[in-house]
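Note that this is a predicted model, so its numbers are computed, not measured. Residue numbers begin at 1 in each chain, while the letters A, B, ... track the order of the sequences.
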Number of protein chains: 2
Amino acid sequence: MLKAKPRYASADRFVPPPKLPPPTPVVDLGEAEMRAAQDLLFFGYRDFTDVADKVLEELELGRAHHRALHFIGRNPGITVSGLLAILRIKKQSLARVLNALIDEGYVGQAAGFEDRRLRLLTLTEKGHALEETVFAAQRDKIAKAYQAVGPQAVQGFRMVMRAMMDHGARAYMDGTGSPEDT
Amino acid sequence: MLKAKPRYASADRFVPPPKLPPPTPVVDLGEAEMRAAQDLLFFGYRDFTDVADKVLEELELGRAHHRALHFIGRNPGITVSGLLAILRIKKQSLARVLNALIDEGYVGQAAGFEDRRLRLLTLTEKGHALEETVFAAQRDKIAKAYQAVGPQAVQGFRMVMRAMMDHGARAYMDGTGSPEDT
DNA sequence: TGGATAGGTCAGTATTATTGACTTAATTTG
DNA sequence: CAAATTAAGTCAATAATACTGACCTATCCA
């Protein structure tokens, strides 16, 4: 029986498409290394965030909530603008996440002293406890990885990840730049 | 004028919430290192994927399309099930992305030889060209980073990212496991 | 006082993903 | 061979995350 719209080649045996591209032609060793890096980053990031997601889903919170929680915890008193710059999302998108965290009592805010337009964001005790819980899962994963590879490899990891970042993010991590620069 | 529902503490000056948690108390150096790792992964991954996104948005394609394109390119003849295992999404989600790539002529498929239920996915010439273009942007970023930090650091980066992965993903990258194991 | 800035919000839309149910074709198994 | 299983496709509804565009208030600054 013929399908109305066969998307696949209906052959009696495996017949590659007319002009089958060579299976990822490796021009030089450097090229292969770069492609491997793509995989490393994908799987490493996937499995690193996965352990956090598992903890969060029980609390009806998503990855976006965790990101906000994390960076508020890392930067007590951060402004909304600062958070927007780090997360690189629009304020309408942050609003959903941030209002949920505030409504649930994870995040508190206070008007700035010098500039009272600013909303200085902080974690509440409850928020701090939640962040600690989620962090514990990721900390265990990192700790295992770090112990498995040794301090020299960890140093290399830090250097590469750092080099991958934009200039502003590097400055932020060095403590020589503000969240707004990221 | 009073707001109906003031979400923030209306104070004359900066008054932290009653029980302000200490600004990310660092218990030991290891703890700080783990927290730094969270930041490294976030910013590194953010800026790595960002260069690809910029190329893709001109072609009306999203990050999901690129992920499928990448792993089909890396694994010519991969099955739908294999792709699903790597991406860790449902087949209904993959369908949208994959059908778009097939309709646009980036991906071709053929029935398997031994098992004709299988749809063996490959990149067409056009798909291969697109993947190359997107890869070029990421390759440049990685190449710059690798050159800046030296081969020893690169080796450390690889070891840490590898250790962060789940067992199945490690086996896949070693070539000793199939996509289904990831 | 008027413009710029920080922030909030409403409305609509897009992307990526989900759950659940159902179908077809092909393989495997009793 | 019939029944169960597997690979894949599809329809429908929903959720999470993000977007554009517009408009508003409060505050700061020149």
Side-chain angles (χ1 to χ4, degrees), chain A residues 1-8 10-14 46 49-50 53 56-57 59-68 78-85 87-103 109-121 178-180, chain B residues 1-14 46 49-50 53 56-57 59-68 78-85 87-103 109-121 179-180:
Chain A
M1 180 187 177
L2 286 171
K3 284 192 68 175
K5 197 185 174 188
R7 287 182 176 279
Y8 54 94
S10 51
D12 287 328
R13 55 194 185 77
F14 174 57
R46 185 196 68 171
T49 53
D50 197 54
D53 290 344
L56 289 158
E57 74 177 4
L59 292 156
E60 313 249 310
L61 294 173
R63 196 178 294 181
H65 299 91
H66 181 225
R67 283 195 291 259
I78 190 174
T79 63
V80 171
S81 295
L83 206 45
L84 287 174
L87 299 175
R88 289 214 187 140
I89 57 177
K90 299 289 170 267
K91 62 178 171 179
Q92 299 93 324
S93 298
L94 180 59
R96 175 186 64 96
V97 167
L98 200 50
N99 288 337
L101 291 173
I102 291 167
D103 289 347
Q109 45 184 352
F113 174 37
E114 297 166 4
D115 187 341
R116 285 170 53 219
R117 289 174 303 180
L118 306 180
R119 306 280 173 263
L120 307 180
L121 305 168
S178 72
E180 268 84 0
Chain B
M1 183 186 176
L2 286 171
K3 283 192 68 176
K5 196 184 173 189
R7 288 182 175 279
Y8 55 93
S10 51
D12 288 328
R13 55 193 185 76
F14 174 58
R46 185 196 69 170
T49 53
D50 197 53
D53 290 344
L56 289 159
E57 73 177 3
L59 292 157
E60 312 248 312
L61 294 173
R63 195 177 295 181
H65 300 90
H66 181 224
R67 282 194 293 258
I78 190 174
T79 63
V80 171
S81 295
L83 206 45
L84 288 174
L87 300 175
R88 289 215 186 140
I89 58 176
K90 299 288 170 267
K91 62 179 173 179
Q92 298 92 324
S93 299
L94 180 59
R96 176 187 62 96
V97 167
L98 201 50
N99 287 337
L101 291 173
I102 291 168
D103 289 347
Q109 46 184 353
F113 173 37
E114 298 166 4
D115 188 340
R116 285 168 56 217
R117 290 174 303 179
L118 306 180
R119 304 281 173 265
L120 307 181
L121 306 168
E180 269 84 358

For the side chain of [X], starting at C-beta, report the closest nucleotide among [options].
| X | options | answer |
| --- | --- | --- |
| A:Asp115 | D:dC28, C:dG7, D:dA8 | D:dC28 |
| B:Ala95 | C:dG7, D:dT27, D:dT10 | D:dT10 |
| B:Arg117 | D:dC28, D:dA8, C:dA26 | C:dA26 |

**Study point:** Straight-line distance of B:Arg119 CZ to B:Ser81 OG, nearest 0.5 Å
**Key:**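 OG of B:Ser81 is found 11.0 Å from CZ of B:Arg119.
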Practice item. Can you measure from CG (A:Asp53) to CZ (A:Arg63) and round to the nearest 0.5 angstrom? Key: 4.0 Å
Check your understanding: Under a 4.5 Å cut-off applied to non-hydrogen side-chain atoms, are A:Leu83 and A:Leu94 in contact?
Key -> yes
Review point. Do B:Leu121 and B:Leu98 have side chains that get closer than 4.5 Å, going by heavy atoms?
Key: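 In contact.
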Quickly work out the [X] [atom1] to [N] [atom2] distance and round it to whole Å.
| X | N | atom1 | atom2 | result |
| --- | --- | --- | --- | --- |
| B:Glu57 | C:dT15 | CD | P | 12 Å |
| A:Lys91 | C:dT9 | NZ | C1' | 9 Å |
| B:Leu120 | D:dA7 | CG | C1' | 12 Å |
| B:Arg119 | C:dA25 | CZ | C1' | 8 Å |
| A:Leu118 | D:dC28 | CG | P | 9 Å |
| B:Leu83 | D:dA7 | CG | P | 15 Å |
| B:Leu98 | C:dA17 | CG | C1' | 16 Å |
| B:Leu84 | C:dT16 | CG | C1' | 14 Å |

Review point. In the 5'-to-3' direction, what one-character label does each nucleotide of nucleotides 11-18 of chain D receive under the scheme B = base within less than 4.0 Å of a protein heavy atom, S = sugar-phosphate only, - = no such atom?
Key: B----SBB
Practice item. Report which part of the nucleic acid B:Glu180 touches: base, sugar-phosphate, or nothing (heavy-atom distance under 4.0 Å, all strands). Key: nothing
Check your understanding: With a 4.0 Å cut-off on heavy atoms, is B:Glu114 in touch with a base, just the backbone sugar-phosphate, or nothing at all?
Key ->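 Answer is sugar-phosphate: B:Glu114 comes under 4.0 Å of backbone atoms only.
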Practice item. Look at B:Arg116 and C:dA26 and indicate whether a side-chain polar atom (N or O) is within less than 4.0 Å of OP1 or OP2. Key: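 Answer yes for this pair, as a side-chain N or O of B:Arg116 is under 4.0 Å from OP1 or OP2.
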Review point. Got a donor-acceptor contact below 3.5 angstrom from the A:Asn99 side chain to the A:Ala95 backbone?
Key: yes
Point to revise | For B:Glu180 against B:Thr79, the heavy-atom pair lying closest together | key: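 That closest heavy-atom pairing would be OE2-OG1, 3.3 Å.
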Study note, to complete from the structure: Looking only at heavy atoms, the pair that brings A:His65 and A:Leu101 closest together is O-CD1, 3.8 Å
